[in-house]
Amino acid sequence: MTWRPALAGLLLLTGCTTGPSLENRDEVTAPPGDSRHLTVGSAGFTESDLLAQMYALLLERAGYKTSMLTVANRELYEPALESGQIDVAPEYAATFADWLNAKTHGADAPAVGSPDQNATMSALRKLAAPRGLTVLDAGRAVDQNAFAVTKAYARQHHLKTLSDLGRSGLKVRLAAGDECVQRPYCEPGLKKTYGIDITAVDPKGVGTTQAKRAVQSGQDQMVLTTTTDATLDEFGLVLLADDRHLQNADAIVPVVNRAQAGSERVTRALDRLNDVLTTDDLAAMNQQVDSWRRLPKDVARSYLTEKGLLK
């Protein structure tokens, strides 16, 4: 994921005794808890704010009091989840699994996130449990890397999938982050998995306005963005389907502090979102906040009410 700056100040994160002690990291030491007041964390960018607001509203409907805490990055908010300063937070399965794996086994540890959602979730839960964290079930919504071309380019060359682009033999200049030349999901994966002829990577960032304008103008032919990018239509762009599953399974999952929010009541409250929330829904809500300037809480409340999850 590409993290944006936090929208609120950071707390000084000091140690607490809620999570497992270091010497007991190989076992879950805390029984499931059910605190009546739960702190919901956000990473401070639009999508995380929306998810956190939906979590808070669903928990309030289930009888909990909630407060919100925005923390800029995983280096701060993941320890806050362990310690109990944050009780609930939205995460991305493969990304979080790889992050915890690196934290546990070192930066050079082989990745555990993969396109296989079941394997990714299993690895994530094994890494999270010794830290006093419980990962709830994933729903249908995912926010993972994706590739877009202009609608005109797709029509002209009959492209719907990345496989179509590979078979076309077209030469493609790709607007992406500068790390794309090394990341297996980006240039190397596009070449190996799809046979796409990437002639150059234009280092304009992941899903940035600059990158999308480069594709819109024809300077580049494809842009690396995400599946919940709410601005593609504004630039006349369309996603090509990742039909061979190059990208990791970054399903959206709630992560809770087991000692304070590990109860069945919390799980039931948050699981209700899995029945309705889709990737397209999330992209549409992102657009309402980013383009229409609506407040995340108002967008979240409207969506949950429309879906019958709030009265």
Side-chain angles (χ1 to χ4, degrees), residues 1-6 43-48 71-78 91-116 120 123-124 127 142-149 162 165-166 170-217 219-232 235 237 239-242 244-252 279 286:
M1 304 300 300
T2 301
W3 303 113
R4 304 178 190 174
F45 59 95
T46 296
E47 187 167 287
S48 188
V71 180
N73 54 54
R74 285 191 182 90
E75 286 77 9
L76 292 175
Y77 76 69
E78 190 277 331
E91 257 297 353
Y92 301 88
T95 299
F96 196 42
D98 284 337
W99 193 89
L100 286 179
N101 189 49
K103 183 176 179 179
T104 304
H105 299 119
D108 295 331
V112 294
S114 75
D116 185 329
T120 296
L124 174 55
L127 288 161
V142 296
D143 186 353
Q144 60 195 36
N145 295 304
F147 296 90
V149 299
L162 290 171
L165 182 56
L170 292 164
K171 295 186 181 300
V172 175
R173 182 176 160 95
L174 174 63
D178 54 10
E179 72 280 1
C180 176
V181 296
Q182 298 176 335
R183 295 290 173 87
Y185 65 80
C186 205
E187 181 184 358
L190 291 172
K191 290 180 174 179
K192 181 179 179 180
T193 303
Y194 289 106
I196 297 173
D197 186 2
I198 305 294
T199 60
V201 172
D202 188 4
K204 286 184 164 60
V206 180
T208 63
T209 297
Q210 184 185 21
K212 283 179 273 195
R213 282 179 177 161
V215 176
Q216 183 183 39
S217 69
Q219 176 184 343
D220 298 331
Q221 287 72 52
M222 189 162 68
V223 60
L224 170 62
T225 184
T226 66
T227 52
T228 59
D229 189 327
T231 64
L232 294 179
F235 296 90
L237 302 179
L239 294 180
L240 296 181
D242 179 24
R244 295 184 185 172
H245 306 292
L246 172 63
Q247 303 305 320
N248 283 345
D250 252 333
I252 292 162
T279 303
N286 285 338

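Just so you know, residue 1 is the first one in the sequence shown, and it goes up from there. Every heavy atom of this structure was used, including side-chain atoms; hydrogens, water molecules and symmetry mates were not.
Remark: side-chain polar atoms of Ser217 are paired, donor with acceptor, to backbone N or O of Ala214 under 3.5 angstrom. Under a 3.5 Å cut-off, the side chain of Asn145 and the backbone N or O of Gln247 do not form any donor-acceptor pair. Between the Asp98 side chain and the Val112 main chain, a donor and an acceptor come within less than 3.5 Å of each other. A donor-acceptor pair under 3.5 Å is absent between the side-chain atoms of Thr120 and the main chain of Asn248, judged by distance alone. In this structure, Asp250 contributes its side chain and Val142 its backbone to no donor-acceptor pair below 3.5 Å. The backbone N or O of Arg173 lies less than 3.5 Å from a partner atom in the side chain of Gln221, making a donor-acceptor pair. Arg74 contributes no side-chain N or O that, together with a main-chain N or O of Trp99, makes up a donor-acceptor pair within less than 3.5 Å.
At a threshold of 4.5 Å between non-hydrogen side-chain atoms, the residues Leu239 and Thr225 count as touching. A 4.5 Å side-chain heavy-atom check between Leu124 and Glu91 finds every atom pair outside the cut-off. Within the 4.5 Å cutoff, no side-chain heavy atoms of Phe235 are placed close to those of Val223. Residues Ile198 and Lys191 are in side-chain contact: their nearest non-hydrogen atoms beyond the backbone lie under 4.5 Å apart. Contact check for Thr95 versus Gln144: no side-chain heavy atoms found under the 4.5 Å cut-off. Two residues are said to be in side-chain contact when any heavy atoms from C-beta on lie closer than 4.5 Å; Cys186 and Leu174 meet this criterion. Leu127 is listed as a side-chain neighbour of His105, based on a closest heavy-atom distance under 4.5 Å. Annotation: side chain of Val201 is not in contact with side chain of Gln182 (no heavy-atom distance under 4.5 Å).
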Verdict with supporting geometry, Leu162 and Met222, side chain to side chain contact (heavy atoms under 4.5 Å, CB included): CA-CA 11 Å; Leu162 290 171; Met222 189 162 68; 4.1 Å; yes
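Atom CG of Asn286 is separated from atom OG1 of Thr226 by 7.5 Å, given to the nearest 0.5 angstrom. Note that CZ of Arg183 and CG of Leu190 are 14.0 Å apart. Values are rounded to the nearest 0.5 Å. Atom CG in Asp229 sits 10.5 Å away from atom CD in Glu47 (nearest 0.5 Å). Taking CG of Leu165 as the start and CZ of Phe147 as the end, the distance is 10.5 Å to the nearest 0.5 Å. A distance of 10.5 Å separates CG of Leu76 from CD of Glu78, quoted to the nearest 0.5 Å.
The shortest heavy-atom contact between Leu224 and Ala176 is CB-CB, 3.8 Å. The nearest pair of heavy atoms linking Leu246 to Pro184 is CD1-O, 3.7 Å. Closest heavy-atom contact between Ala94 and Ser114: CB-N, 4.4 Å. Closest approach of Ala249 and Ala93 over heavy atoms only: O-CB, 3.6 Å. Considering every non-hydrogen atom in both Pro203 and Asp178, the closest pair reads CB-CB, 3.9 Å. Across all their heavy atoms, Tyr92 and Ile252 have their closest contact at CE2-CG1, 3.7 Å.
Judged purely by distance below 3.5 Å, without hydrogens or angles, the side chains of Asp143 and Thr228 pair a donor atom with an acceptor atom. With hydrogens and angles left out, the side-chain atoms of Asp242 and Tyr194 include a donor and acceptor closer than 3.5 Å.
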